[in-house]
There are 2 protein chains.
Amino acid sequence: MTNIKLQPKPDAPTKSVPLTFDALKVACSQCNLRELCLPLGMTEDEMVRVDTLVGARRKIKRGHHLYRAGDPFEAIYAVKTGFFKTDVLIEDGRDQVTGFLMAGELLGLDGISSETHTCNAVALEDSEVCLIPYEELERLSSEVRTLQRHFHKVMSREIVREHGVMMLLGTMRAEERLAAFLLNLSQRFTARGYSPTEFHLRMTREEIGSYLGLKLETVSRAFSRFQEEGLINVQQKYVHILDYERLRHLLSRCPA
Amino acid sequence: MTNIKLQPKPDAPTKSVPLTFDALKVACSQCNLRELCLPLGMTEDEMVRVDTLVGARRKIKRGHHLYRAGDPFEAIYAVKTGFFKTDVLIEDGRDQVTGFLMAGELLGLDGISSETHTCNAVALEDSEVCLIPYEELERLSSEVRTLQRHFHKVMSREIVREHGVMMLLGTMRAEERLAAFLLNLSQRFTARGYSPTEFHLRMTREEIGSYLGLKLETVSRAFSRFQEEGLINVQQKYVHILDYERLRHLLSRCPA
DNA sequence: GCTGTAGTTTGATATTTGTCAATGCGTTTC
DNA sequence: GAAACGCATTGACAAATATCAAACTACAGC
């Protein structure tokens with residue numbers, strides 16, 4: 001059984017080296033995120049094999065890229081700590097944030113199709129990811145059935161998530177979009193043991209707007225409106241949901 | 001080597017039985033869509049095994065469902081002939097078309113995550129699909145490496161496609177969306193040996209609008225505008241692209 | 001051939017969101 | 001502590017799209 005102690009955080013002034021590789025292997029079996037990353041019900045033996053799959057960790061400083069569109073695809077990444085956004089750019093400068101990712105979520109699935117990353121992944125706070133070499137994942141998942149099934153489910157879940165975003169972008173108005181966004185964050189924070197009603201946004205209004213298909217001013221106005229209505233308390237990046245139910249109700253199309 | 005002749009099309013008046021199962025197995029190795037559905041470079045042996053994977057065909061009459069949100073997930077489907085849309089509904093009646101599918105494309109990937117279909121698949125013309133039982137696909141793909149890799153690529157490609165739709169819905173204006181839509185169709189028809197410039201739309205203005213996040217009137221006006229400008233010739237569902245280049249140029253953000 | 005229906009087009013108007021601009025807040029840097 | 005910067009808020013106005021309504025077209029059924 002692999003047993004590796006977590007390295008102490010140096011948090012050193014490595015300012016000129018934003019991407020640091022950590023030679024230490026990390027044991028998934030010991031990780032407190034394993035229920036998020038891995039299937040339930042693996043045997044001890046399977047677990048040991050998964051421990052060999054996940055490679056080094058990698059630290060990404062806030063504002064730095066984990067990968068960029070065009071980079072060769074070699075691995076997927078599991079967020080260990082921190083917060084990321086992914087976005088797609090087109091020539092004329094437009095960009096679309098396609099997702100925000102937090103602990104236990106997987107980055108890089110888009111790269112499998114063309115063996116090249118098709119979007120950018122940027123850390124929104126100092127973060128750490130686990131590196132999962134794709135070749136090895138393929139090999140192991142053909143041997144460990146529960147892993148294969150799990151990986152397929154993760155990919156499928158991403159497709160379903162994106163359907164939700166399409167619904168949001170295609171049919172909802174500004175305030176509905178923001179409500180859906182806040183509720184989704186709330187739910188994901190809850191699943192990670194944080195407060196469902198109080199959290200810090202890691203992204204700017206502009207990034208929220210890009211994700212929601214709105215301009216930053218519209219996002220800001222929607223926040224202010226929610227505050228006026230007593231739905232939330234918002235102070236810059238700090239958000240406190242005061243009336244969860246009424247926020248949910250906003251999504252059921254009862255035009256105020 | 002499996003050798004099965006295609007059954008003659010009965011095209012019979014099976015009006016009261018919109019969904020018909022066809023007991024005949026279909027040999028992928030003999031199918032003219034195999035470059036669309038399957039990886040290149042499979043060995044003869046692997047091909048034979050894939051032939052055993054794909055089950056019966058199933059015919060779906062225009063307007064009928066291949067599956068509905070909530071149905072248990074058991075198989076994915078490859079479009080053999082015809083045309084489908086997939087859509088997601090929410091309680092309050094809003095719906096979002098999430099995709100249009102044509103020959104050689106795969107339906108049902110969304111169902112893997114929860115073992116339940118999460119969207120509806122509806123035939124927009126009389127269609128036929130090949131049924132691929134998911135359990136068997138999993139088993140075979142763990143044995144045939146090229147198949148596994150191909151399947152992962154197909155899933156990943158769907159994720160990338162949806163990023164494109166998010167970009168479209170999040171950043172483009174009405175005419176850009178319609179241009180992108182027409183160019184995408186053109187490209188896919190071309191890949192199937194049809195004219196890049198002349199085709200029949202299988203969907204209504206409302207369905208196009210739902211996909212593009214617009215109302216049907218806006219879609220109609222955009223069509224009319226393209227016609228006035230000499231970009232296309234459009235007569236109801238018939239579309240003739242007159243100036244492909246200028247249509248492409250619309251997407252490069254040079255506000256007319 | 002007539003009728004009904006579903007789908008489409010077009011116009012007038014309303015609503016929503018974007019744009020531009022000014023101001024304010026909070027943090028970092030010097 | 002002042003200055004500079006990034007980010008957020010707010011207002012006035014413009015632009016895009018939705019809504020409502022009417023007419024038109026193609027096609028299916030009788």
Side-chain angles (χ1 to χ4, degrees), chain A residues 13 15 61-63 85 93-94 96-97 122 124-126 168-179 181-182 200-229 232-239 250 253 255-256, chain B residues 13 15 61-63 85 93-97 122 124-126 168-179 181 200-229 232-239 250 253 255-256:
Chain A
K15 203 164 179 188
K61 284 255 173 227
R62 172 180 175 172
K85 71 168 177 182
R94 279 182 275 193
Q96 171 72 32
V97 171
V122 182
L124 297 183
E125 61 185 31
D126 291 0
L168 180 147
L169 292 170
T171 75
M172 294 185 188
R173 49 188 55 231
E175 294 188 7
E176 292 173 322
R177 295 184 199 190
L178 185 62
F181 173 71
L182 291 174
H200 272 272
L201 300 172
R202 272 74 170 181
M203 67 297 278
T204 66
R205 299 290 188 263
E206 183 163 22
E207 286 162 335
I208 296 172
S210 172
Y211 183 63
L212 299 180
L214 301 168
K215 292 295 159 184
L216 68 95
E217 294 94 333
T218 306
V219 174
S220 181
R221 280 185 241 271
F223 269 121
S224 300
R225 192 114 201 289
F226 284 175
Q227 173 139 284
E228 281 168 30
E229 308 246 311
I232 65 173
N233 200 337
V234 57
Q235 208 65 251
Q236 309 282 120
K237 306 230 151 132
Y238 165 81
V239 173
L250 263 188
R253 192 56 130 193
Chain B
K15 202 167 182 187
K61 284 256 174 225
R62 172 179 175 170
K85 71 168 176 181
R94 280 182 275 191
D95 78 312
Q96 172 73 30
V97 170
V122 183
L124 296 183
E125 61 184 33
D126 291 1
L168 180 148
L169 292 170
T171 75
M172 295 185 187
R173 48 187 57 229
E175 294 187 8
E176 292 172 323
R177 295 184 199 191
L178 186 62
F181 173 71
H200 272 272
L201 301 171
R202 272 73 170 184
M203 66 298 278
T204 66
R205 299 289 188 262
E206 184 164 21
E207 286 162 335
I208 297 172
S210 172
Y211 183 64
L212 299 180
L214 302 168
K215 293 295 161 185
L216 67 94
E217 295 94 330
T218 306
V219 173
S220 181
R221 280 183 241 272
F223 270 121
S224 300
R225 191 112 202 289
F226 285 176
Q227 173 141 284
E228 280 167 30
E229 307 246 312
I232 66 171
N233 201 338
V234 56
Q235 208 65 251
Q236 308 281 122
K237 306 231 151 135
Y238 165 83
V239 172
L250 263 189
R253 192 56 129 194

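Each chain gets a letter, A, B and so on, in the order its sequence line appears, and its residues count up from 1.
Considering every non-hydrogen atom in both A:L169 and A:Q96, the closest pair reads CD1-NE2, 4.2 Å. Residues A:Y211 and A:V97 come closest through the heavy atom pair CD1-O, 3.3 Å.
Nucleic acid contact for B:G209: none, since no nucleic acid atom lies under 4.0 Å from a heavy atom of the residue.
Distance check, rounded to the nearest 0.5 Å: CG of A:L216 to CD of A:E206 gives 5.5 Å. Between B:L168 atom CG and A:R94 atom CZ the span is 9.5 Å, to the nearest 0.5 Å. A distance of 11.5 Å separates CD in B:E175 from CZ in B:R221, rounded to the nearest 0.5 Å. Interatomic distance, CG of B:L178 versus CZ of B:R205, reported as 8.5 Å (0.5 Å rounding). Atom NZ of A:K237 sits about 9.0 Å away from atom CE of A:M203, to the nearest 0.5 Å. Taken to the nearest 0.5 Å, the CZ atom of A:R177 stands 14.0 Å off from the CD1 atom of A:I208.
Taking atom CG of A:L201 as the reference point, atom C1' of D:dA8 lies 12 Å away to the nearest angstrom. One can place CZ of A:R94 at 14 Å from P of C:dG18, the figure rounded to the nearest angstrom. For A:E176 and C:dT17, the CD to C1' distance is 14 Å, given to the nearest whole Å. To the nearest angstrom, P of C:dT17 lies 13 Å from CE of A:M172. Spacing between atom CD of A:E175 and atom C1' of C:dT15 amounts to 13 Å, rounded to whole angstrom units. If you measure from atom CZ of B:R173 to atom P of D:dA18, you get 13 Å, rounded to the nearest angstrom. To the nearest angstrom, P of D:dA16 lies 13 Å from NZ of A:K215. Atom P of nucleotide D:dC7 and atom CZ of A:R202 are separated by 17 Å, given to the nearest angstrom.
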Base-contact (B) and sugar-phosphate-only (S) positions in nucleotides 4-10 of chain C, heavy-atom cut-off under 4.0 Å, - elsewhere = ----SBB
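Bending across the helix from C:dG1-D:dC30 to C:dC30-D:dG1, expressed as the angle between its end axes from five pairs apiece, amounts to 50° (10° rounding).
Among the candidates A:K61, A:R62, A:R202, the single residue satisfying the salt bridge (charged side-chain N to carboxylate O under 4.0 Å, His left out) test with A:E125 is A:R202.
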